[in-house]
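Taking it in order: structure first as structure tokens, then the write-up.
Side-chain atoms are counted along with the backbone in the values below, which use heavy atoms only and exclude waters and symmetry mates. Just so you know, ligand 1 is whichever comes first in the structure, and atom 1 is the first atom listed for that ligand.
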Amino acid sequence: PNRLDSQGSQEGERLVWPRQNSLSLREWDIPYDELSISEPIGNGRFGTVFSGNWHGSVAVKVLNMEYLDDEKTLEAFKSEVGTFRKTRHENLILFMGACMKPPKLALVTSLCKGLTLFTHIHLRKDKFNMNKTTNIAQQITQGMGYLHSRGIIHKDLKSKNIFLENNKVVITDFGLFNVTRLCHGNRKCSGLSIPPGWLCYLSPEIIRSLRSSDNDDLPFNKASDIYAFGTVWYELLCGEWPFKEHPPEAIIWQVGKGIKQSLAHLQASKDTKDILMLCWAFKSSERPDFVQLATTLGKLPKKRLARSPSHPVHLSRSAES
Ligand code: ATP
């Protein structure tokens, strides 16, 4: 009889796993011709995102092929697809499949109808009340906690990668960082290339590892995702990024030394600010995990809405949304 090993898999299973893996990867392959591609939604470092149709509305993220001429990027892409197909959580984007035959590499996911937190906070300057802010943060911790429990590091958690759809948080772009980096890294440029809005999500240990020539092995781990969550929590609370208007060199120097954004101007309870300080702890071992964060967020006092018999419940609810 087969025995279970320490990872819970059966003896013998490991021998056939690589074949099973490539077979199941094939199950997610979508022939490019089956997709009907319509409007471009926007460009990112990875390539262009289009809205399209494949058995209903989808988002098609087409990899920028300009720099893709090596096996390494294709392998990184397939490995990310392998990661993606393991994710099933209501706060994570629904992965539907991928076009894996060069020269057309694309990821097909559900199409988010809502706006990103980036658009809400930085473009529309929307203000969320504290109950809603906490609720959004809790949903992020749930989706991220699930990813971490599956051994997946997001590596690029930021307000641009978090959609809000009818009050539901949907996190995207997890694990795609390696592909993005390879697409980007092939470009011949000298000096440290820092996409705008990236630095304030990077933990001190990552900032200290940035190199002008080669950023292949940045030490992303669960704790660096927690640091990035801290920055999203700050954006939700303040409506802006930490170290706003500081030049990149100043951010690198301060964060690398353990200097944090001052919270003096932030009108929030001590518990709320403590979450920021914990997530931004200089030592990665001192940062909480997403399960602990979910509990801490759940303990923040909820503002009760004044209700009176003459004030119907549905009216007070709509005031909250
Ligand atoms: P970066 O590459 O720096 O992470 P980004 O997040 O804006 O920037 P992409 O993730 O490539 O880049 O997204 C490009 C555009 O497409 C953005 O406006 C994004 O909000 C939108 N988008 C991405 N995925 C979806 C989706 N599943 N549904 C709807 N819109 C999407």
Side-chain angles (χ1 to χ4, degrees), residues 28 30 35-68 73 76-77 80-81 83-85 87-99 104-124 126 140 143 153-166 168-187 189 192-202 206 215 218 220 224-225 228-229 231-232 235 241 248:
W28 295 98
I30 300 176
L35 295 172
S36 118
I37 299 211
S38 24
E39 304 284 296
I41 305 176
N43 286 305
R45 282 173 283 166
F46 182 96
T48 306
V49 178
F50 296 87
S51 65
N53 195 291
W54 188 70
H55 306 290
S57 298
V58 290
V60 185
K61 200 163 204 185
V62 182
L63 192 81
N64 188 348
M65 299 304 292
E66 211 180 322
Y67 301 94
L68 180 87
T73 312
F77 179 75
E80 307 307 5
V81 170
T83 306
F84 245 126
R85 76 197 153 131
T87 55
R88 287 158 180 268
H89 189 278
E90 66 167 336
N91 298 118
L92 301 179
I93 191 91
L94 177 70
F95 168 73
M96 298 179 73
C99 305
K104 293 280 185 213
L105 297 188
L107 277 177
V108 182
T109 65
S110 56
L111 180 72
C112 289
K113 300 269 163 48
L115 301 173
T116 61
L117 283 187
F118 166 84
T119 303
H120 276 295
I121 297 172
H122 301 287
L123 302 182
R124 293 173 40 138
D126 289 339
I140 301 172
I153 315 289
H154 191 302
K155 299 185 184 173
D156 202 16
L157 182 66
K158 56 184 183 181
S159 54
K160 272 190 174 182
N161 287 338
I162 304 169
F163 282 87
L164 200 55
E165 212 171 38
N166 300 325
K168 198 177 93 175
V169 160
V170 179
I171 303 171
T172 66
D173 272 5
F174 28 94
L176 282 181
F177 183 81
N178 288 348
V179 181
T180 311
R181 182 178 46 68
L182 282 167
C183 290
H184 225 67
N186 288 345
R187 289 175 203 194
C189 68
L192 183 57
S193 144
I194 296 172
W198 185 46
L199 276 182
C200 59
Y201 297 100
L202 298 185
I206 295 186
N215 286 313
L218 293 177
F220 288 104
S224 58
D225 277 351
F229 169 82
T231 299
V232 175
E235 290 175 78
W241 283 289

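If you look at T172 next to ligand 1, there are no close heavy atoms at all, none under 4.0 Å. The proximity of S110 to ligand 1, defined as any non-hydrogen pair under 4.0 Å, is limited to the backbone. No part of T48 comes within 4.0 Å of ligand 1, judged by heavy-atom distances.
V169 is listed as a side-chain neighbour of L164, based on a closest heavy-atom distance under 4.5 Å. At a threshold of 4.5 Å between non-hydrogen side-chain atoms, the residues V81 and F77 count as touching.
Of all atoms in ligand 1, listed by their number and element, those nearer than 4.0 Å to a heavy atom of A59 are 26 (C), 27 (N), 28 (N). Residue-ligand proximity, K61 to ligand 1, at heavy-atom distances under 4.0 Å covers atoms 9 (P), 10 (O), 11 (O). Listed by number with element, the atoms of ligand 1 under 4.0 Å from a non-hydrogen atom of I93 are 27 (N). The ligand atoms of ligand 1 that sit less than 4.0 angstrom from a heavy atom of L111 are 28 (N), 29 (C).
Comparing P40, G42, G44, G47 by heavy-atom distance to atom 12 (O) of ligand 1, the nearest is G44.
Proximity of F163 to ligand 1 is established by a heavy-atom distance of less than 4.0 Å. Contact between K113 and ligand 1 is absent, with no heavy atom of the residue lying under 4.0 Å from the ligand.
Considering only residues two or more places apart in sequence or on other chains, N161 meets the side-chain hydrogen bond (donor to acceptor under 3.5 Å, both in side chains) condition with none of them.
Applying the salt bridge (charged side-chain N to carboxylate O under 4.0 Å, His left out) test to pairs two or more places apart or on separate chains, those with a residue in residues 47-63 are K61-D173.
Remark: the backbone N or O of C200 is paired with a side-chain donor or acceptor of T231 at under 3.5 angstrom. Put simply, the side chain of N53 never gets that close to the backbone of S36: no donor and acceptor are under 3.5 Å apart.
Ring geometry, W28 versus F95: the interplanar angle falls from 30° to 60°, so the pair is classed tilted. Ring orientation note: the planes of H154 and F174 are nearly perpendicular, at an angle over 60° on the 30°/60° scale.
For the pair C112 and ligand 1, the shortest N or O to N or O distance falls below 3.5 Å.
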